[in-house]
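This one's a predicted model, so the numbers in the text were calculated from it and none came from an experiment. Protein chains get the first letters and strands the later ones, always in sequence-line order, with residue 1 at the start of each.
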2 protein chains.
Amino acid sequence: MRAPTQHSITYMAGARPHGGCLTCKMHFRCLPRGLNERDTVRVEGLLQTRRQLKCGEYLYQAGDRCDTIYAVKTGCLKTHVCDEHGYEQVTGFQMAGDLLGMDGIGLRAHDFNLVALEDSEVCALPTARLDELPPELETIRRYLHEVMSGYIVRDHNAMIMLSKMRAEERLAAFLLDLSRRFAALGYSSSEFNLRMSREDIGSYLGIKIETVSRMFSQFQERKLIDVKNRHVCILDSVRLQRIIGRSLPSKQRRVG
Amino acid sequence: MRAPTQHSITYMAGARPHGGCLTCKMHFRCLPRGLNERDTVRVEGLLQTRRQLKCGEYLYQAGDRCDTIYAVKTGCLKTHVCDEHGYEQVTGFQMAGDLLGMDGIGLRAHDFNLVALEDSEVCALPTARLDELPPELETIRRYLHEVMSGYIVRDHNAMIMLSKMRAEERLAAFLLDLSRRFAALGYSSSEFNLRMSREDIGSYLGIKIETVSRMFSQFQERKLIDVKNRHVCILDSVRLQRIIGRSLPSKQRRVG
DNA sequence: GTGAGTGTTTGATTTGAGTCAACACGTGCC
DNA sequence: GGCACGTGTTGACTCAAATCAAACACTCAC
């Protein structure tokens with residue numbers, strides 16, 4: 001029915017990531033804020049290894065055993081789900097510093113598929129080893145709850161987008177979200193390369209690729225962005241921001 | 001900006017739920033499967049109290065401190081979120097046995113609003129007391145992870161619905177989901193009363209109330225259901241089920 | 001280079017759901 | 001009872017995005 005997960009990748013079992021968490025530029029996003037040097041080394045000790053993924057390679061698929069948490073070190077990945085009726089949907093894009101793999105914790109089997117959009121590198125932490133954490137590192141466990149809550153918050157924002165926004169607003173929100181995320185990683189917020197195809201964008205935004213393409217062209221026409229293939233320049237983030245919320249009825253918002 | 005959470009309800013601080021978990025019909029849904037009698041009583045000891053909610057009353061609102069987990073004992077509630085642009089969306093309906101309140105765990109503040117759709121009763125478990133759990137009741141903590149994963153799975157299904165299905169499919173999926181959930185609670189799967197308004201249904205399904213109404217009428221016309229106000233009879237669940245997936249292109253489904 | 005193949009853009013047309021508007025029904029209040 | 005108000009239904013019309021179709025552009029293999 002579905003292709004098996006590919007395991008034909010470099011897998012340095014037991015190897016310690018060279019450099020370690022302390023020197024990794026992403027540790028401020030993978031690890032809880034304010035974790036001291038001694039504890040960081042202890043967490044690092046739990047890490048199984050790094051794992052290299054080629055573009056198009058799956059890290060895991062829905063139904064696979066959920067026994068490892070991953071942190072993206074470099075590259076970009078997408079998550080996608082398939083429901084019982086055969087509908088498929090991209091649910092998100094993950095980049096450096098994002099934590100992955102907690103979708104099936106407790107259930108012991110992953111809910112979604114995770115595939116690399118470009119050559120990527122992830123750090124792996126076996127969930128079983130989390131139980132080895134001493135009580136004073138409860139911070140870590142609490143941090144993972146925080147990350148899971150973050151998944152829920154992000155999904156809710158996606159639901160609102162899919163339910164309430166027009167195509168124009170969806171693309172504007174998408175571009176601004178990417179921009180913000182690149183900025184958080186220290187990259188330019190106004191110029192970046194899309195790692196995903198128009199098809200992925202369309203699936204994520206709940207619109208057809210023709211519409212994605214038309215909206216890109218329209219934004220370019222309106223001098224909001226400059227787009228050439230997968231290279232995007234944000235020319236006017238203020239006006240882009242103003243597009244979002246435009247389809248709201250003027251009558252004030254209920255809260256009850 | 002937003003109405004304050006109403007606390008004008010019966011709050012029997014410290015009171016032990018009369019009857020307790022062992023006699024509660026819902027314990028097989030609130031508590032992990034296979035929990036023995038002795039441990040059930042121990043968990044029950046952590047419960048703060050029951051709480052009564054009048055129809056329309058909020059259990060909590062987005063931004064409120066997240067320090068308690070709730071289990072619905074009787075009644076029906078809805079969760080809804082509001083994003084920074086003012087878009088509002090119903091994200092789900094909760095009934096007896098459903099666990100609530102873990103949306104903000106770790107974040108320490110709730111992400112969404114939770115309001116009673118009819119007079120309801122919930123059991124409250126302060127999260128702080130979870131730390132009192134002895135190591136051998138790790139089952140409980142693991143169970144909560146499972147419930148959080150369940151949130152994620154449910155939200156993903158909602159995202160697919162909002163992104164890919166036509167109005168007809170959305171309502172069919174909604175009715176069948178309700179039917180299945182009533183059956184799981186021991187009620188009739190073919191005849192039930194909707195607890196939510198057409199407006200709530202529309203917001204949840206991402207369609208306008210006029211469309212909800214039209215679809216109800218159309219289903220009735222087609223002898224799939226019988227609907228009078230909020231009373232629904234499922235007449236042909238097989239054909240209802242067949243509606244879902246109809247808008248899929250016939251070309252076979254990608255998995256990669 | 002040529003050609004196959006995939007991914008992207010653009011145009012013409014269709015259509016499903018939104019919008020606007022009127023009306024019907026149910027419930028509670030006086 | 002009659003009235004008002006909130007909620008739900010139905011119809012006529014509009015419009016945003018889907019669909020269908022064709023052309024274009026980039027990549028990779030040979």
Q: How close or far is atom P of D:dG8 from atom CD1 of B:I201, stated in whole angstroms?
A: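 Computing the B:I201:CD1 to D:dG8:P distance gives 8 Å.
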Q: Return the value, rounded to whole Å, for the distance between atom CZ of B:R198 and atom C1' of D:dG6.
A: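 Roughly 14 Å, once rounded to whole Å.
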Q: With no hydrogens and no angle check, do the side chains of A:Y60 and A:T68 hold a donor and an acceptor under 3.5 Å apart?
A: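 No.
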Q: What nucleotide, of C:dT8, C:dG16, D:dA18, holds the atom closest to the side chain of A:I207?
A: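 Out of C:dT8, C:dG16, D:dA18, the nucleotide with an atom closest to A:I207's side chain is D:dA18.
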Q: Taking the nucleotide of DNA chain D with the nearest heavy atom to each, does A:E210 or B:E210 sit closer to the 5' end?
A: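 The 5'-side residue here is B:E210.
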Q: Please confirm whether B:R198 makes a cation-pi placement over B:F216, using NZ or CZ under 6.0 Å from the six-membered ring centre and within 45° of the ring normal.
A: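 Positive - B:R198 is close enough to the ring of B:F216 and near enough to its axis.
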Q: Taking only the side-chain heavy atoms of A:T211 (C-beta and beyond), determine which of C:dG16, D:dA17, C:dT9 contains the nearest atom.
A: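 For the A:T211 side chain, the nearest candidate turns out to be D:dA17.
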Q: Between B:R214 and B:S197, which is nearer to the 5' end of DNA chain D once each is assigned its nearest nucleotide?
A: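 Final value for this comparison: B:S197.
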Q: Report the distance from atom CD of A:E199 to atom P of C:dT8, rounded to the nearest whole Å.
A: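 Atom-to-atom, A:E199 to C:dT8, this comes out as 8 Å.
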Q: Would you check if the distance from the ring center of A:F192 to the ring center of A:Y187 is below 6.0 Å?
A: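 A:F192 vs A:Y187: aromatic centres not under 6.0 Å.
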Q: Write down the distance between CD (A:Q218) and P (C:dT10), rounded to a whole number of angstrom.
A: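 Distance, rounded to whole Å: 12 Å.
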Q: If you compare all heavy atoms of A:Q94 against all heavy atoms of A:R181, which two are closest, and at what distance to 0.1 Å?
A: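 So the minimum-distance heavy-atom pair works out to CA-NH2, 3.8 Å.
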Q: Could you measure the distance from the CZ atom of B:R170 to the CG atom of B:L162? Nearest 0.5 Å is fine.
A: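 Reported value, rounded in 0.5 Å steps: 5.5 Å.
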Q: Report the nucleotide, chosen from C:dA17, C:dT8, D:dT9, that has the shortest atom-to-atom distance to any side-chain atom of B:A167.
A: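 The answer is C:dA17.
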Q: Which listed nucleotide (C:dA17, D:dT10, C:dT9) is nearest to the side chain of B:R166?
A: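 So the side chain of B:R166 is nearest to C:dA17.
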Q: Starting from P on C:dA17, measure out to CE on A:M165 and report it in whole angstrom.
A: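 A:M165 atom CE is separated from C:dA17 atom P by 21 Å.
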Q: Just to be sure I understand the rule, does B:R230 reach a base, reach only the sugar-phosphate, or reach nothing, if contact means heavy atoms closer than 4.0 Å?
A: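 If one applies the 4.0 Å heavy-atom cut-off, B:R230 turns out to touch the sugar-phosphate alone, with no base involved.
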Q: When the distance from CG of A:N229 to P of C:dT8 is rounded to whole Å, what number comes out?
A: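 My rounded result for the distance is 9 Å.
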Q: Figure out the CG/P separation between B:N193 and D:dT7, and round it to whole Å.
A: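 Whole-Å distance recorded here is 17 Å.
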Q: Provide, to the nearest angstrom, the distance between the NZ atom belonging to B:K228 and the C1' atom belonging to D:dT7.
A: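 Atom NZ in B:K228 sits about 13 Å away from atom C1' in D:dT7.
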